[in-house]
Amino acid sequence: MPVRRKRGRVPGWLRGVIWAVVAIAVISTASYSTGVAALTSSNTASTALRLALPILLCALGGLWAERAGVVNIGLEGMMILGTWGAAWGSFYGGVWAGLIAALAFGALGGLLHAVATVTFNVNHIVSGVAINLLGLGVTKYLANLIFAPISGNPRQSPVVPKFDTYSATFLSDWLGDLEKEQRVGISDVAGILRGLVTEVAPLTMIAIVLVPVSFWVLWRTRFGLRLRSCGENPVAAESLGVNVYLHKYVAVVISGAFAGMGGASLVLLRGGADYLENQTNGRGYIGLAAMIFGNWRPGGLLGGAALFGYADGLQLAGGGEAVLALLYGAVILVGVIVVVQLFRKQWIAAGLGVVGAGVLYAIYWSNDTLPSDLIPYTAHFVTLIVLAVASQRLRPPKADGQPYRRGED
């Protein structure tokens, strides 16, 4: 009997590169077709990078917790704690002290979540919601106690130091010249790349480096293997000598620290505001959505954070006209997906894609711009749509969110 050869799988990093090329091609085509240069401008890319950071860091936090079997709905609250800690630490000790304080406050939120879910076996969703409410309450009290006498406003901090930024000057100037030439495709790519290498803060570089570091630790070390085994089958992991409680605690505390760092990125980066009450605006939940979109993988969540950050940055840089042009780009992308589905003979999926593309194009054709009240929620709408589309291929850890008692079968 002949042996059937397995079809070679495309490596994950290569799939990411392919999707990035497709995404750039789509928005470049949309920019050329609609005449909206903001879709690929360096200003949009730079703003998107800054706004993607809190989402990326919260997504990484969710990854660490859920790979250990703990659902962390409390990322939003831990992120809120991080915003206050960053402002407090930065005001009294400088930006690096602010970053350390944000990590500590976020980690404290993670520790509280671990105590509730791991030690006392509280429902993970209930504990996460409680952490979110607690984060709001604690920061409001602390801001009123410490910031109000200085700033005169209990809802915001005084002006705090922010990270310096650095640019690859020669590369940035060269890309800027290419962007100004308005060549189809070339100028679009140059604008995006220029936004990514201009005025970059150390915190930005740290956050990006944490993605491959998280992959290496979780998938290439013994510690990571043991931690992930706690999220797949904690009973089997315990039978092999793994201290399940310890690994869950470590994972959730790290999760909270990453969320706190995400809060710090809202306060300590240039272009952002100082501490404001509830300034996270649901980004912790969007980070959780980015993690789910990425199928609980570091590379995937990086793509999700980039997508949601881009949508958020576009509405700030280009307004309703640019968001409407992005809708045109979505029509092009759906059209590409329909062609792929037809090639695979997935007739129902292709038919639904045609209907969806028709609806999106009708919205685009019948409007000159979008209502100003809806524009700030662009990233939230993108989150809902992406999760709905991606829901069929998700594979969470098997024991994610399930109760566990030491010694149980």
Side-chain angles (χ1 to χ4, degrees), residues 52-68 70-93 95-118 124 127-143 146 157 160 163 202-204 206-207 209-211 213-214 217 248-269 272 274-288 290-291 301 305:
L53 283 188
I55 298 173
L56 171 63
L57 288 164
C58 277
L60 277 175
L63 173 73
W64 275 79
E66 300 210 9
R67 278 296 176 180
V70 179
V71 174
N72 194 355
I73 297 293
L75 288 168
E76 177 79 3
M78 298 169 198
M79 190 178 184
I80 292 172
L81 290 170
T83 59
W84 190 90
W88 173 71
S90 182
F91 182 75
Y92 287 104
V95 289
W96 290 106
L99 178 58
I100 293 171
L103 287 167
F105 272 82
L108 284 174
L111 178 62
L112 184 59
H113 187 50
V115 170
T117 56
V118 179
H124 298 193
S127 176
V129 172
I131 295 293
N132 291 336
L133 297 175
L134 187 64
L136 281 171
V138 168
T139 53
K140 186 173 184 179
Y141 170 76
L142 291 174
I146 297 177
S157 70
V160 301
F163 277 106
L203 180 56
T204 303
I206 292 172
V209 168
L210 283 174
V211 176
V213 168
S214 293
V217 172
K248 285 179 179 287
Y249 261 88
V250 171
V252 180
V253 170
I254 291 175
S255 174
F258 282 168
M261 188 187 293
S265 71
L266 293 173
V267 175
L268 301 180
L269 293 182
D274 299 313
Y275 169 80
L276 295 172
E277 185 177 308
N278 199 24
Q279 73 188 110
T280 56
N281 195 27
R283 286 185 175 86
Y285 300 111
I286 298 178
L288 195 64
M291 178 206 66
L301 66 83

Between Leu111 and Val252, is there a side-chain heavy-atom distance shorter than 4.5 Å?
no
Once you round to the nearest 0.5 Å, how far does CG of Leu301 lie from SG of Cys58?
11.5 Å
For a quick test of reading the model, state the closest non-hydrogen atom pair linking Ile131 to Gly109 and the distance between them.
CD1-O, 3.9 Å
Interatomic distance, CZ@Phe258 vs CD1@Ile254, rounded to 0.5 Å, equals 6.5 Å
So CG of Leu203 and CG of Leu268: to nearest 0.5 Å the spacing works out to 7.0 Å
Rounded distance [0.5 Å steps], CD1 in Ile55 versus CG in Leu288:
12.0 Å
Evaluation steps, side-chain contact (heavy atoms from CB on, under 4.5 Å), between Asn132 and Tyr285
CA-CA 11 Å; Asn132 291 336; Tyr285 300 111; 2.9 Å; yes
Heavy-atom side-chain contact between Trp88 and Val160 under 4.5 Å
no
All heavy atoms of His113 vs all of Val71, minimum pair found to be NE2-O, 3.0 Å
Taking all non-hydrogen atoms of both residues into account, name the closest pair between Ser265 and Pro54 and its distance.
OG-CD, 3.3 Å
Please report the closest heavy-atom contact between Ala68 and Ala251, naming both atoms and the distance.
CB-CB, 3.5 Å
Considering only heavy atoms from C-beta outward, does the side chain of Arg283 approach that of Leu75 to under 4.5 Å?
no
CG (Leu56) and CE (Met291) are apart, to the nearest 0.5 Å, by 13.0 Å
Using the rule given for side-chain contact (heavy atoms from CB on, under 4.5 Å), can you reason through Met261 versus Leu53, listing the C-alpha separation, both sets of side-chain angles and the distance that settles it, and then say yes or no?
CA-CA 9 Å; Met261 188 187 293; Leu53 283 188; over 6 Å; no
Closest heavy-atom contact between Val118 and Lys248?
CG2-CB, 3.8 Å
Within this structure, what is the CG-CD1 distance for the pair Leu57 and Ile206, rounded to the nearest 0.5 Å?
10.0 Å
Contact between Ser157 and Trp84 at the side-chain level, heavy atoms closer than 4.5 Å - yes or no?
no
Decide yes or no for Asn72 and Met78: does some side-chain heavy atom of the first lie under 4.5 Å from some side-chain heavy atom of the second?
yes
Does a donor on one side chain sit under 3.5 Å from an acceptor on the other, for Glu76 and Thr280?
yes
What's the verdict on side-chain contact (heavy atoms from CB on, under 4.5 Å) for Leu81 and Leu108, showing C-alpha distance, side-chain angles and the deciding distance?
CA-CA 9 Å; Leu81 290 170; Leu108 284 174; 5.8 Å; no
On a heavy-atom basis, which atom in Ala143 and which in Tyr275 lie closest, and how many Å separate them?
CB-CE2, 3.9 Å
Student check: side-chain heavy atoms of Ser90 and Trp96 closer than 4.5 Å:
no
Would you call Tyr249 and Thr117 a side-chain contact if the rule is heavy atoms closer than 4.5 Å?
no
If you define the side chain from C-beta out and look only at heavy atoms, does anything of Phe105 sit under 4.5 Å from Ile80?
no
Look at the side chain of Ser127 and the backbone N and O of His124, then say whether any donor-acceptor pair between them is shorter than 3.5 Å.
no
